[in-house]
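Please read the structure below before turning to the comments.
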Amino acid sequence: GESVGLHLPTLSVQEGDNSIINCAYSNSASDYFIWYKQESGKGPQFIIDIRSNMDKRQGQRVTVLLNKTVKHLSLQIAATQPGDSAVYFCARGGGSQGNLIFGKGTKLSVKP
Amino acid sequence: EAQVTQNPRYLITVTGKKLTVTCSQNMNHEYMSWYRQDPGLGLRQIYYSMNVEVTDKGDVPEGYKVSRKEKRNFPLILESPSPNQTSLYFCASSADRVAEQFFGPGTRLTVL
């Protein structure tokens with residue numbers, strides 16, 4: 001079946017360093033990928049998305065890279081801050097149901 | 001303020017006692033969806049609705065019902081809750097099935 005998964009369940013970085021969170025997917029027909037951030041006690045919050053006809057997309061301090069050849073996407077956070085500490089989910093969207101297929105999540109911890 | 005609201009935020013109930021979790025959005029979104037979040041399993045879609053009076057099953061629909069009589073509301077109904085429905089539930093909405101989904105704050109349900 002289809003799956004979206006993350007490589008590492010936890011990631012610890014020093015404040016000010018760059019963070020890279022990785023995700024792999026299995027469905028080649030996926031046309032839309034999204035990264036969500038979930039802080040403790042809150043619902044997932046949209047960070048950035050990327051369509052399958054793109055390789056890279058940049059936002060404020062975040063960049064998403066999509067490598068369709070190896071079915072891999074990554075989220076890069078520049079100059080990581082304590083407020084970036086959260087669980088990050090990649091998700092595949094755009095299917096006929098409109099549902100998001102979520103990965104298991106990576107917990108990012110930022111050390112001061 | 002654009003938002004998705006859910007009520008109640010916390011609920012403890014007993015097996016077999018019917019309950020409803022309400023969800024409302026004020027963004028005039030056509031697409032609404034319910035997810036459950038469980039440790040180690042991530043977020044999984046329960047039901048979704050493309051528009052008023054149009055609902056369909058997601059990946060884990062057993063034991064749940066929904067209705068979409070109005071555009072803004074999408075209640076989740078558990079006719080006869082069981083302990084395996086203890087979970088954290090999120091409602092989400094978006095302009096359409098490929099647009100950014102906005103999540104509510106979550107409802108933590110415990111079924112004894």
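Per chain, numbering begins at 1; letters A, B, ... match sequence-line order.
- For the set B:Ser33, B:Gly104, B:Gly40, B:Gly42, the count of heavy-atom pairs under 4.5 angstrom toward chain A peaks at B:Gly40.
- The contact between A:Gln38 and chain B is made entirely by side chain atoms (from C-beta outward), counting heavy-atom distances below 4.5 Å.
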> When you look at B:Val21 and B:Tyr89, which way does the side chain to side chain contact (heavy atoms under 4.5 Å, CB included) test go after all the steps?
Replying inline: CA-CA 9 Å; B:Val21 184; B:Tyr89 291 87; 5.7 Å; no
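- Residue A:Gln60 places its CD atom among 12 or fewer non-hydrogen atoms of other residues, nucleotides or ligands, all under 6.0 Å distant.
- Proximity to chain A is absent for every atom of B:Gln6, based on heavy atoms less than 4.5 angstrom apart.
- Residue contact with chain A, scored on non-hydrogen atoms closer than 4.5 Å, involves the side chain of B:Arg9 exclusively.
- Two different hydrophobic clusters hold B:Ile46 and B:Met50 under the rule that ILVMFWY side chains link at heavy-atom gaps under 4.5 Å.
- B:Asn26 contributes a side-chain N or O that, together with a main-chain N or O of B:Gln3, makes up a donor-acceptor pair within less than 3.5 Å.
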